[in-house]
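Source: prediction; values computed, not measured. For ligands, and for the atoms within them, numbers begin at 1 and follow the listed sequence.
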Amino acid sequence: MYTFSKEVFSERRQKLIDLIGPDSVAVFVSPGERKRSHDTSFPYRQSSDIVYLSGFEEPNTILVIAPGSDDGDFVMFVNDRDPLKETWDGRRFGPEGAKEVFGADSAFVIGDFEKKLAGYFYKREALYFTKDGSSRDDFILNKLTQLRFGRDGKSGPRILVDAREIVHEMRLTKSDSEIEVMKHSCKIASEAHELAMRHTKPGMMEFQIQSVIESHFVKNGAYGPAYTSIVGGGDNATILHYIENRDRLNDGDILLIDAGCEYKYYASDITRSFPISGKFSAVHRDVYQGILDVEINTIAAATVGTPYGELHDTARDGLIDVLRQLKIFKESREEILEKELYKKYYPHRSGHYLGMDVHDVGPYSERDGSWKTLQEGTVITIEPGLYFPAYDESLPAAFRGLGIRIEDDIWIRERGPENLTAACPKTVSELEAIIGTAG
Ligand code: GLY
Ligand code: MN
Ligand code: MN
């Protein structure tokens, strides 16, 4: 098994069964393979929910959790073994491997799914399923209708629940073994950012720094980036999702790098911003230090029991103060808030959940619409930033074309927030001591 032991997945499935109850059934369908161009595909990435519940990585997979069914609680539908196909496309476990290695009570070839499905639906109260654009969506939902309204005396689930309601709530709280993997993902990413700082020199290309980072990811056993790396110098840093990474790095500009790796299916997500020359100008230093102070204060506010939305408010209010100190806004704090003037320079939120997906799953609010409070075992990012567009003539010239974000990955704990990316340099003096020092 690539990630955790068979027992870990079996415990997760048992928890799922306990949560949905014996009269329900849950179905999880893997995503299709995606064409990249002509006859090549994007590398296959199993859905995080299927990896979370089984550790199984192959395409054409369906998991059925059907408590007490004739085939057992956990049924897998998978690719058949086929020596010729395996020679081309890689190894497959087949139904036997699904049982032996992945702990399925029964396993069948994927082609049997359609004829077997009704058997798992009979007499169930609820189906937990996520309609997610897979080619099986229609078949599964039509089968529900057919059983409920058909004339053959059968019955099927009357209640359809989005499976994410349960599984994503489970994924929100990380176990100790998940945290160990996340710590490693964060360690690799922290080192990669430090290496990038050391290699940065004026005149280099953004993609050269990207290659320093991503080669460190792969060299250390990560799959690669958890999302497309952002390496933007100068005003490219003011484009939040800048991913072209093909401009030259200029002396006197700031370089913003937002990059994290996926290690054993767990993402890290770090942003650092630093001067390409190795020395902050006075203006850049003032902006940077202001944002860093806000980031540190927001991390300190990430305590168990804090309503999630308060973190954004803390970051937003701190950034408004920075904008006023820099004299970018002359209006009062109240007016800036009321008219949402700050959104011009701080358009995103303070962060997000982090886990198997970079923008990890799990609810941010309760059913009554109040914010969910932070709980022990959740991992979040905190990532305040300010972005001053080059074209904004209302700004003093020294600020135009400047983008700075600082982002760390925070493990929420009873004893206080723990920064999993603390090893990644971020103070002005740390940065100035290492930028451009690689031989
Ligand atoms: N890299 C995506 C984010 O920071 O949210
Ligand atoms: Mn992030
Ligand atoms: Mn990021």
Side-chain angles (χ1 to χ4, degrees), residues 45 48 171-172 174 182-183 185-197 206-207 209-210 212-214 216-217 222-233 236-245 254-263 265-274 288 291-292 294-296 298-299 301-302 308-309 311-312 314-316 319 343 345-362 364 374 378-387 403-412 417-426:
R45 167 58 156 81
S48 297
R171 281 175 53 191
L172 184 55
K174 275 70 181 173
M182 291 194 75
K183 280 185 173 172
S185 180
C186 289
K187 175 175 184 284
I188 295 170
S190 298
E191 292 165 352
H193 276 263
E194 180 170 342
L195 266 183
M197 293 163 191
E206 292 166 342
F207 53 74
I209 299 302
Q210 178 182 4
V212 169
I213 291 195
E214 293 182 4
H216 189 77
F217 290 168
Y223 163 77
Y227 51 92
T228 309
S229 305
I230 296 168
V231 183
N236 290 340
T238 66
I239 301 167
L240 295 178
H241 291 157
Y242 174 78
I243 52 170
E244 289 83 357
N245 303 344
I254 294 284
L255 171 60
L256 181 153
I257 301 176
D258 185 345
C261 62
E262 182 173 299
Y263 175 73
Y265 285 95
Y266 285 81
S268 41
D269 181 8
I270 302 179
T271 307
R272 290 292 183 263
S273 309
F274 54 88
Y288 185 86
I291 296 171
L292 182 58
V294 170
E295 199 232 10
I296 290 167
T298 311
I299 292 173
Y308 186 84
L311 292 185
H312 178 66
T314 303
R316 177 201 61 200
L319 291 172
K343 284 194 173 170
Y345 304 124
Y346 176 51
H348 59 75
R349 296 195 65 82
S350 66
H352 48 84
Y353 297 137
L354 184 70
M356 299 184 77
D357 286 287
V358 61
H359 295 159
D360 206 31
V361 296
Y364 287 89
L374 294 175
T378 303
V379 179
I380 61 170
T381 68
I382 292 187
E383 48 183 305
L386 290 173
Y387 315 92
I404 293 178
R405 176 167 63 256
I406 307 169
E407 175 175 30
D408 283 298
D409 301 343
I410 311 299
W411 177 22
I412 308 300
E418 184 167 328
N419 185 350
L420 301 180
T421 47
C424 188
K426 66 177 174 183

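Of all the N, O or S atoms in H352, the one closest to the Mn ion (ligand 2) is NE2.
Taking H216 as the reference, nothing meets the ring-ring contact (aromatic ring centres under 6.0 Å, His included) condition, with sequence neighbours excluded. Remark: D360 engages R171, K174 in a salt bridge (charged side-chain N to carboxylate O under 4.0 Å, His left out) (not counting sequence neighbours).
Classification of K183 and D409 as a salt-bridged pair fails, no side-chain N sitting under 4.0 Å from a carboxylate O.
Note that the NE2 atom of H193 and the CZ atom of F274 stand 9.0 Å from one another [nearest 0.5 Å].
Between H352 and H359, the angle of the ring planes goes over 60°, which puts this pair in the perpendicular group of the 30/60° scheme. Ring geometry, Y364 versus Y353: the interplanar angle falls under 30°, so the pair is classed parallel (tilted spans 30 to 60°).
Taking a 6.0 Å sphere around CG of L195, one finds it holds more than 12 heavy atoms contributed by other residues, nucleotides or ligands.
Between the Mn ion (ligand 2) and H359 there is no N/O/S contact shorter than 2.8 Å.
Of the N and O atoms on the side chains of S48 and D357, at least one donor lies less than 3.5 Å from an acceptor on the other residue. Residues H241 and Y227 have side chains that never bring a donor and an acceptor to within less than 3.5 angstrom of each other. Side chains of N236 and T238: a donor-acceptor N/O pair is absent below 3.5 angstrom, by distance only.
Listed by chain and number, D258 OD1, D258 OD2, D269 OD1, E407 OE1 are the protein N/O/S atoms closer than 2.8 Å to the Mn ion (ligand 3), with waters left out.
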Between ligand 1 and the protein, give all atom pairs where both partners are nitrogen or oxygen and the distance is under 3.5 Å, as lines of names plus distance to 0.1 Å.
| from | atom 1 | to | atom 2 | distance (Å) |
| --- | --- | --- | --- | --- |
| ligand 1 | 1 (N) | D258 | OD1 | 3.3 |
| ligand 1 | 1 (N) | D258 | OD2 | 3.1 |
| ligand 1 | 1 (N) | D269 | OD1 | 3.4 |
| ligand 1 | 4 (O) | D258 | OD2 | 3.2 |
| ligand 1 | 4 (O) | D269 | OD1 | 3.4 |
| ligand 1 | 4 (O) | D269 | OD2 | 3.2 |
| ligand 1 | 4 (O) | E383 | OE1 | 3.0 |
| ligand 1 | 4 (O) | E407 | OE1 | 3.3 |
| ligand 1 | 4 (O) | E407 | OE2 | 3.2 |
| ligand 1 | 5 (O) | H352 | NE2 | 3.0 |
| ligand 1 | 5 (O) | H359 | NE2 | 2.7 |

